[in-house]
2 protein chains.
Amino acid sequence: MNIGDVSRKSGLPAKTIRYYEDIGLVTPPRSENGYRAFRETELHKLAFLGRARELGFTIEDCRTLLALYEDDGRESSQVKRVAQDHLHKIDEKIGQLQSMRGTLAHLIDECAGDHRPDCPILEDLAGEQS
Amino acid sequence: MNIGDVSRKSGLPAKTIRYYEDIGLVTPPRSENGYRAFRETELHKLAFLGRARELGFTIEDCRTLLALYEDDGRESSQVKRVAQDHLHKIDEKIGQLQSMRGTLAHLIDECAGDHRPDCPILEDLAGEQS
DNA sequence: ATGGGGTTTCCAGTCGCTGGAAGGTCAACA
DNA sequence: TGTTGACCTTCCAGCGACTGGAAACCCCAT
């Protein structure tokens, strides 16, 4: 399989696949013309990576997860820890965003949004107490 | 005021303040020794920027908001539109994160997290149907 | 004159790609 | 056989919003 086929099958852009090779996540052999010659195992790994990235794991997490996946001697607790750490970070981000959202929605609500210049949003940003 | 004072008063790192000058968000004059000499107006702008960044506005949004803040002829509808667009993006991000969170929490819940290698998390990433 | 704490500029790195340029390869068709 | 056109290759640069570090300058107190 050439990179285009793998791209179509995995859903990852060819650029991304080359990048994953650059950073050592996959190591497809080359055919005589210099093209990357992907086997099923690389396709499988790339699909794994695509799914892990969809769940928001960092590239380093992906590297760890891939290594665990290929390690028959792994303990599921190792995987669970990585996932739990990640969940924790997601929760933090959601918290931050919801806090922003709260403030912002409140300010928007108070803003007339008309032709006049008075604006509680700007006043808040400028640190004026309403 | 030197950059250190402004950094303390605004809560922004000196590096960030220099960066904001680089990209034209503030333009403090210089004293004879070459040091940035901040006035109240720059401090005020920086505090504004810090607050806008806390609410997650992009630097470009900040530029726009600052311009509107200084424009007496603005209409609050212009400000509101920027804020609403931003709110919309925040909601999208929260949605994505909550979707990740849902899948991830479910997988974590199913994983024994013990010494055995069997792991629903890895199975899911590998695309195996449970 | 020396020390320490400020400040300056500039360059490089972060993360995870993505775009683009310049060129090599291959299969099909005239 | 020539020539498209689609594919592939490498390499370099850029995104956003900083952040770290190096080398040098400035100022004040001892």
Side-chain angles (χ1 to χ4, degrees), chain A residues 1-38 42-43 45-46 48-66 85-86 89-90 92-93 96-97 100, chain B residues 1-38 42-43 45-46 48-66 85-86 89-90 92-93 96-97 100:
Chain A
M1 276 180 292
N2 285 345
I3 200 166
D5 307 308
V6 177
S7 171
R8 270 179 296 277
K9 289 190 190 176
S10 68
L12 296 171
K15 281 259 173 189
T16 299
I17 297 172
R18 291 194 195 98
Y19 173 66
Y20 287 173
E21 187 190 16
D22 266 8
I23 61 174
L25 286 178
V26 281
T27 46
R30 302 290 181 125
S31 15
E32 293 195 359
N33 58 13
Y35 287 15
R36 288 167 185 82
F38 293 87
E42 278 94 24
L43 175 56
K45 272 199 198 186
L46 287 167
F48 184 105
L49 289 168
R51 186 98 181 93
R53 292 288 300 131
E54 268 177 31
L55 288 181
F57 285 104
T58 65
I59 289 287
E60 280 321 297
D61 282 347
C62 288
R63 203 187 292 280
T64 305
L65 291 170
L66 210 44
D85 287 356
H86 179 45
K89 283 186 191 123
I90 288 180
E92 275 182 3
K93 262 188 209 153
Q96 282 173 16
L97 288 172
M100 287 177 191
Chain B
M1 277 179 294
N2 284 345
I3 201 168
D5 308 308
V6 178
S7 170
R8 270 180 297 276
K9 289 189 190 175
S10 69
L12 295 171
K15 280 258 173 192
T16 300
I17 297 173
R18 290 196 195 98
Y19 173 65
Y20 287 173
E21 188 191 15
D22 265 10
I23 62 174
L25 287 178
V26 282
T27 46
R30 301 292 179 125
S31 13
E32 293 198 358
N33 59 14
Y35 287 15
R36 288 165 184 83
F38 294 86
E42 278 93 24
L43 176 55
K45 272 199 197 184
L46 287 166
F48 183 105
L49 289 168
R51 185 100 181 92
R53 292 287 301 129
E54 268 177 33
L55 288 182
F57 284 105
T58 65
I59 289 287
E60 280 321 296
D61 283 346
C62 290
R63 203 186 292 280
T64 305
L65 290 170
L66 210 44
D85 287 358
H86 179 43
K89 282 187 192 121
I90 287 181
E92 275 182 3
K93 263 189 208 152
Q96 282 173 15
L97 287 171
M100 286 178 191

Mind calculating the distance between [atom1] ([X]) and [atom2] ([N]) to the nearest angstrom?
X: A:D5; N: D:dC8; atom1: CG; atom2: P; answer: 7 Å
X: A:R18; N: D:dC11; atom1: CZ; atom2: P; answer: 12 Å
X: B:K89; N: D:dG16; atom1: NZ; atom2: P; answer: 12 Å
X: A:K93; N: C:dC15; atom1: NZ; atom2: C1'; answer: 11 Å
X: A:D22; N: C:dG16; atom1: CG; atom2: C1'; answer: 12 Å
X: B:I17; N: C:dG6; atom1: CD1; atom2: P; answer: 14 Å
X: B:N2; N: C:dT8; atom1: CG; atom2: P; answer: 7 Å
X: A:I23; N: C:dT18; atom1: CD1; atom2: P; answer: 13 Å

### Task
Would you give the length of the straight line joining atom CG of B:L25 to atom CD1 of B:I17, rounded to the nearest 0.5 angstrom?
12.0 Å
### Message
If I take atom CG from residue B:D61 and atom CG from residue B:L55, how far apart are they, to the nearest 0.5 angstrom?
### Response
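Taking CG in B:D61 and CG in B:L55, the distance rounds to 11.0 Å.
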Looking at [options], which one has an atom nearest to any side-chain atom of [X]?
X: B:I3; options: D:dT9, D:dC18, C:dT8; answer: C:dT8
X: B:P13; options: D:dA17, D:dT19, C:dT9; answer: D:dT19
X: B:Y20; options: C:dG16, D:dC18, D:dT10; answer: D:dC18
X: B:R30; options: D:dT10, C:dT18, C:dT9; answer: C:dT9
X: A:I59; options: D:dC8, C:dG16, D:dC18; answer: C:dG16
X: B:N33; options: D:dC18, D:dT9, D:dC26; answer: D:dC26

### Message
Determine whether a donor-acceptor pair (one donor, one acceptor, N or O, separation below 3.5 Å) exists between the side chain of A:K15 and the base of C:dG20.
### Response
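Present.
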#### Entry: Whichever of A:E32 and A:T16 has its nearest DNA chain C nucleotide further upstream toward 5'
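Looking at the nearest nucleotide for each, A:T16 comes out on the 5' side.
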### Summary
The residue, A:Y19 or B:Y35, whose nearest nucleotide of DNA chain C is more 5′ is B:Y35
### Query
A:R53 near the nucleic acid: base, sugar-phosphate alone, or nothing, with a heavy-atom cut-off under 4.0 Å?
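Sugar-phosphate: the residue A:R53, judged by heavy atoms under 4.0 Å, touches backbone atoms but no base.
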### Task
Under 4.0 Å between any heavy atoms, over every strand shown, what does B:R36 touch: base, sugar-phosphate, or nothing? Just pick one.
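It contacts sugar-phosphate atoms only.
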### Task
Spell out, as yes or no, whether a donor-acceptor pair under 3.5 Å connects the side chain of A:S7 to the backbone of A:I3.
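No.
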### Query
Between B:N33 and B:Y35, is there a donor-acceptor pair closer than 3.5 Å when you use the side chain of the first and the backbone of the second?
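Judged by distance alone, yes, a pair lies under 3.5 Å.
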### Task
Taking all non-hydrogen atoms of both residues into account, name the closest pair between A:G56 and A:H86 and its distance.
O-CE1, 2.9 Å
